[in-house]
There are 2 protein chains.
Amino acid sequence: MKDSKGQILKISLLLFLQKGFKEVTMNEIVKSSGFSKGAFYHYFSSKEEVFKEVIDVYFKQMLHLDYETLPSDSLKSFYQANLDIHKKRDKMIRSWYQETFEGDFPNNIYYILFDALRLLPEVREQQQKRIKAEVKAWEKVIEKARANDEIKTILSSENLAKQFVYSSDGIALHMVMISSSAELIDEVKTVWESLYKSIKT
Amino acid sequence: MKDSKGQILKISLLLFLQKGFKEVTMNEIVKSSGFSKGAFYHYFSSKEEVFKEVIDVYFKQMLHLDYETLPSDSLKSFYQANLDIHKKRDKMIRSWYQETFEGDFPNNIYYILFDALRLLPEVREQQQKRIKAEVKAWEKVIEKARANDEIKTILSSENLAKQFVYSSDGIALHMVMISSSAELIDEVKTVWESLYKSIKT
DNA sequence: TCTTTAAAACCGACCATTCGGTCTGTGTTA
DNA sequence: TAACACAGACCGAATGGTCGGTTTTAAAGA
């Protein structure tokens with residue numbers, strides 16, 4: 001089975017990740033995926049639709065983390081598991097890129113996110129919920145870690161949770177800016193570890 | 001004196017801040033600024049050029065901070081001065097926006113930055129230098145604060161500096177995502193203050 | 001002060017190209 | 001043999017950019 005639709009979808013994702021919605025043209029999508037306009041419009045009704053589907057199929061799960069399944073017995077194992085998942089995802093999308101394109105992967109996850117926020121109203125809501133859930137999940141783990149005497153700090157759990165969440169996003173942003181997203185996870189690790197060390201009992 | 005060129009430049013900045021380079025059309029620029037194509041091309045040779053000039057004139061100074069002039073006698077006064085400057089800049093650009101457009105200012109500073117990074121090679125270099133200088137400046141102040149017994153932490157100065165820098169960028173990103181950049185500075189203030197409290201002697 | 005004049009400022013119809021999208025036709029599969 | 005999977009020439013709309021012409025400005029001349 002050829003899964004042409006899946007192929008087009010994947011290529012579209014990679015293109016949108018590089019340049020955002022508007023800058024990617026139909027001819028690019030069609031050529032890069034090795035199909036024709038006819039094939040494309042056989043599977044999708046418009047450029048908007050393929051973008052929407054890219055967001056639905058790939059992007060949401062790229063950002064989504066099921067915090068229930070992460071180990072919450074200690075803050076350390078929690079952030080380590082967090083790092084592992086992101087490392088895996090990064091690897092996967094990089095290998096996808098190299099199947100089709102050459103050179104470095106100019107990954108800018110935020111570019112496509114901004115487009116999604118602007119073009120797809122429901123994404124904004126979901127994103128807000130996601131962020132809140134993320135901070136809440138960290139908070140919960142932190143509370144527990146505090147109760148278990150794993151950590152000790154005068155920071156409120158909320159603010160400490162924010163430190164973890166915000167720092168990772170800040171780093172991601174910096175990496176995009178200096179175009180070395182490959183080093184992203186390692187830098188997050190360094191910062192999180194140092195933050196952890198400073199609060200652990 | 002009318003400074004038509006300046007007017008066009010300012011409007012272009014505001015438009016690019018909303019939608020990025022590609023999504024803004026010449027007709028939009030021309031209409032919003034109240035001129036004609038003829039006027040525009042009298043002052044600029046192309047859409048690319050006005051973008052370049054927008055980055056040169058406005059954007060670089062929006063990101064630039066002259067750390068030499070900031071008070072470095074204490075970490076507290078340093079980050080407070082930092083907040084003040086950003087507050088002022090935010091106010092200014094908001095008032096510009098309301099001179100011409102109505103409703104909320106859909107400010108996404110990163111969208112235009114990403115375009116600049118992609119379209120103007122020299123911006124990437126400058127941005128890398130800027131980031132390095134920023135962390136260095138924080139480090140220096142932190143070292144001093146440590147020597148003066150203002151703060152006490154097992155965190156290295158570098159990592160602590162990164163905490164401050166990364167957290168502010170992470171927050172900025174979150175605010176863009178939930179489209180409430182008006183609350184940005186206050187949230188940065190909260191997080192920085194809590195971080196400060198946790199390390200001050 | 002009025003007139004001349006040339007450059008600067010500005011207008012908007014128009015142009016070439018590119019864009020997203022359509023449509024007719026052909027090979028393939030079940 | 002009918003539905004599916006694709007190819008690619010083609011289309012109208014939109015885009016960035018041009019150009020001939022008009023108005024405004026301001027310095028110079030009378």
Side-chain angles (χ1 to χ4, degrees), chain A residues 1-59 99-100 111-112 114-116 118-121, chain B residues 1-57 59 99-101 111-112 114-116 118-121:
Chain A
M1 190 176 141
K2 268 194 66 184
D3 191 25
S4 306
K5 186 175 178 181
Q7 179 65 10
I8 295 174
L9 212 57
K10 213 190 226 174
I11 296 291
S12 301
L13 166 70
L14 295 171
L15 288 172
F16 287 139
L17 275 175
Q18 295 175 56
K19 307 193 284 184
F21 178 75
K22 192 85 182 195
E23 194 104 3
V24 175
T25 69
M26 285 309 306
N27 283 326
E28 268 182 286
I29 294 177
V30 156
K31 269 201 171 179
S32 298
S33 59
F35 289 94
S36 65
K37 285 264 180 87
F40 179 91
Y41 282 95
H42 177 68
Y43 294 110
F44 303 95
S45 68
S46 68
K47 189 185 172 190
E48 270 85 11
E49 194 187 284
V50 78
F51 181 74
K52 206 171 176 175
E53 212 151 316
V54 161
I55 298 294
D56 275 342
V57 174
Y58 290 115
F59 204 70
E99 283 170 18
T100 321
Y111 211 110
I112 192 176
F114 293 155
D115 279 336
R118 203 159 35 81
L119 301 173
L120 310 174
Chain B
M1 188 177 144
K2 266 195 68 184
D3 190 23
S4 307
K5 186 177 178 182
Q7 179 67 10
I8 294 174
L9 213 56
K10 212 193 232 174
I11 296 289
S12 301
L13 166 70
L14 295 172
L15 288 173
F16 287 139
L17 274 174
Q18 295 175 55
K19 305 194 284 183
F21 178 75
K22 192 82 184 200
E23 194 103 2
V24 175
T25 68
M26 286 308 306
N27 283 327
E28 267 183 287
I29 294 177
V30 158
K31 268 200 171 180
S32 299
S33 59
F35 289 95
S36 65
K37 284 267 182 81
F40 179 91
Y41 282 96
H42 177 69
Y43 294 109
F44 304 95
S45 69
S46 68
K47 190 184 171 189
E48 270 84 10
E49 194 186 285
V50 78
F51 181 74
K52 205 172 177 174
E53 212 151 313
V54 161
I55 298 294
D56 274 342
V57 174
F59 204 71
E99 282 170 17
T100 321
F101 301 97
Y111 211 110
I112 192 176
F114 293 155
D115 279 335
R118 201 160 36 83
L119 301 172
L120 309 173

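The sequence lines fix the lettering, A, B, ..., with proteins before strands; numbering per chain opens at 1.
Atom CG of B:L15 and atom P of D:dT15 are 13 Å apart (whole Å). Atom CG of B:D3 is separated from atom P of C:dA8 by 17 Å (rounded to the nearest Å). In this entry the distance linking NZ of B:K5 with P of C:dC10 reads 13 Å, nearest Å. Computed from coordinates, the A:F51 CZ to C:dG20 C1' distance equals 16 Å when rounded to whole Å. Taking atom CD on B:E23 and atom C1' on D:dA14, their separation rounds to 13 Å, with Å as the unit. Between the CD atom of A:E49 and the C1' atom of C:dG20 there is a distance of 14 Å, given to the nearest Å.
With hydrogens and angles disregarded, no donor-acceptor distance shorter than 3.5 Å links the side chain of B:S32 to the backbone of B:I29.
Note on A:V24: only backbone sugar-phosphate atoms sit closer than 4.0 angstrom, heavy atoms only; bases stay farther off.
Using cut-offs of 30° and 60° for the angle between ring planes, the B:F51 and B:F16 rings count as perpendicular.
Residue A:Y43 places none of its side-chain N or O atoms closer than 4.0 Å to OP1 or OP2 of D:dC4. Residue B:H42 places at least one side-chain N or O under 4.0 Å from the OP1 or OP2 atom of C:dA9.
Here D:dG8 is the nucleotide among D:dG16, C:dA9, D:dG8 with the atom lying nearest to any side-chain atom of A:S36. The listed nucleotides are C:dG20, C:dC10, D:dC6; the one nearest the side chain of B:S4 is C:dC10.
Inter-residue side-chain proximity for B:F101 and B:L15 is flagged as met; some heavy-atom pair is nearer than 4.5 Å. With contacts defined as side-chain heavy-atom distances shorter than 4.5 Å, the pair A:E28/A:Q18 does not qualify. Proximity of B:K19 to A:K22: side-chain heavy atoms (C-beta onward) are nowhere separated by under 4.5 Å. Within the 4.5 Å cutoff, the side chain of B:Y43 has no heavy atoms near those of the B:L9 side chain.
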Item to complete: Between protein and nucleotides 17-27 of chain D, map the contacts as a letter string: B base, S sugar-phosphate only, - none, heavy atoms under 4.0 Å, written 5' to 3'.
Response: BB---------
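Between B:K47 and B:F21, the shortest heavy-atom distance links the atoms NZ-O, 3.0 Å.
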